[in-house]
Amino acid sequence: MLFSLLTAGLSLASAVQGSTIPKKRATVCNGHAELCDRSYGNVTYIGAHDSFAYSTDPVALARDQEVDVPTQLSLGVRLLQAQAHDNNGVLHFCHTSCILFDGGTVESYLTNVTTFLEANPNEVLTLLFTNPEGQSLPDQWAPAFVNSGVSKYAYVPPHLPMKQSEWPTLGDMIDSGKRVVIFLDAGADGSDGGVVDYILPEFDMIWETPFSVTDSTFPCSVNRTSGNLSAADHMYMINHSLNKDVFSTGVIISDPIDAPTTNGVPSIMANANGCAPLGGNTYPNFVLLDFIDLGDAFTAADQMNGFSS
Ligand SMILES: *[C@@H]1O[C@H](CO)[C@@H](O)[C@H](O)[C@H]1NC(C)=O
Ligand SMILES: *[C@@H]1O[C@H](CO)[C@@H](O)[C@H](O)[C@H]1NC(C)=O
Ligand SMILES: *[C@@H]1O[C@H](CO)[C@@H](O)[C@H](O)[C@H]1NC(C)=O
Ligand SMILES: *[C@@H]1O[C@H](CO)[C@@H](O)[C@H](O)[C@H]1NC(C)=O
Ligand SMILES: CC(=O)N[C@H]1CO[C@H](CO)[C@@H](O)[C@@H]1O
């Protein structure tokens, strides 16, 4: 009797203790212990421009990458950019048009993202997609996020817009499991027929430098922005890819020949330092690059995040 009371007491004690043990906290976030206590809005991430448009074929002019999305992620890319178009009633990632470069369905692309998230539980990832045709968020975008499994990781902010300083820490995002931040350039305000709480309006919270740049000095300006937050209260992205004007025809393509220099530390740091005064004296949150496997972008990101060895 005494014995069973004792064991009952013990199991009650351990049950009570079990419920009060704090949830295991992430100790390494996006590869660095220091990042666990850092706000999502105070980290520099490397992004892959047109991430789906990869090809090893040098004559595939519509390509912007030469390694696939799983490889980009394994190299350290933590923002994936892609442009979506309707292809016979299904949302596909395509470059300008699906005839030029069809990267397959958004849902199959996102399934690769889920595979990465499941295998890498201590990583925070940003998805920045463009919606040039104004496809419906509830009817076209949300099913791709739900069916692929990405939506269960999607972070929903407590209010909109979020200032750069208001984002949670990477540690909090990882602990909560809500570690994917999803931005859309157009339609997330409901203008394309409805909102989805985890699909966020990009330009209200992120400004961008000009795109289709052909000047290798990358002069900085606040090119695309919207909403009521100041430039300093926005996060910001530098579009650091150098394009070539083919035979001065006005047709621009991204050029892998320049990529090792463009994606090198001096070129990225010069651009970042040129933009910092416009961004409240902080480094860019996102550095968007072509041909992510060339150059040394991750060293530049480490430097901006304060990890230079
Ligand atoms: C998704 O992953 C598979 C292999 O794991 C790969 O063949 C495919 O190209 C990937 N898709 C993209 C868009 O990278
Ligand atoms: C943004 O940059 C594009 C070229 O990339 C240019 O055509 C446009 O005028 C710029 N807009 C603003 C507001 O700076
Ligand atoms: C900006 O603020 C005004 C006044 O508070 C509000 O009516 C408007 O909706 C805001 N715009 C955005 C884009 O948040
Ligand atoms: C993060 O904060 C530090 C310290 O204020 C700053 O030097 C750095 O530029 C910030 N990085 C970003 C991306 O905001
Ligand atoms: C050249 C370049 O990288 N341009 C891109 C800048 O970023 C926006 C994404 O928001 C893309 O639409 C541009 O293609």
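Quick note: residue numbers are just sequence positions, from 1. All ligand and atom numbering here is 1-based and tracks the order in the structure. Computed over heavy atoms, backbone and side chain alike; hydrogens, waters and symmetry mates excluded.
Within the 4.0 Å heavy-atom cutoff, Gly306 does not count among the residues contacting ligand 4. The closest approach between Pro284 and ligand 4 falls below 4.0 Å for a heavy atom of the residue. Within the 4.0 Å heavy-atom cutoff, Arg38 does not count among the residues contacting ligand 4.
A salt bridge does not link Asp37 to Arg25: none of the charged side-chain nitrogens sits closer than 4.0 Å to a carboxylate oxygen. At a threshold of 4.0 Å, the pair Glu123-Arg179 does not count as salt-bridged, since none of the basic side-chain nitrogens sits closer than that to a carboxylate oxygen.
In terms of polar-atom proximity, Asn42 is counted as a contact of ligand 4, with an N or O under 3.5 Å from an N or O of the ligand. Among the atoms of Gln164, some N or O lies under 3.5 angstrom from an N or O of ligand 4.
The line from OG of Ser226 to CE of Met205 is 9.0 Å long, rounded to the nearest 0.5 Å.
Counting all heavy atoms, side chain and backbone alike, Gln81 lies closest to Asp50 at OE1-N, 2.8 Å.
Applying the ring pair (Phe, Tyr, Trp, His ring centres under 6.0 Å) test to every pair with at least one member in residues 167-197, sequence neighbours left out, gives these pairs: Tyr40-Trp167, Tyr155-Trp167.
Ring pair Phe93/Phe101: centre-to-centre distance not below 6.0 Å.
If you check the side chains of Thr71 and Ser74, you find no donor sitting under 3.5 Å from an acceptor. Residues Thr225 and His234 have side chains that bring a donor and an acceptor to within less than 3.5 angstrom of each other.
Using a 4.0 Å heavy-atom criterion, the residues that approach ligand 1 are Tyr54, Asp68, Val69, Pro70, Tyr109, Asn112.
If you number the atoms of ligand 2 from 1 as listed, the ones under 4.0 Å from a heavy atom of Pro210 come out as 2 (O), 5 (O). Interface of Thr44 with ligand 4, defined as ligand atoms under 4.0 Å from a residue heavy atom, comprises 13 (C). Less than 4.0 angstrom separates some heavy atom of Val43 from each of these atoms of ligand 4: 13 (C). Residue Gly41 approaches ligand 4 through these ligand atoms, each under 4.0 Å from one of its heavy atoms: 14 (O).
Put simply, the side chain of Asn120 gets close to the backbone of Phe116: a donor and an acceptor are under 3.5 Å apart.
By the 30° and 60° cut-offs, the orientation of the rings of Tyr45 relative to Phe286 is parallel.
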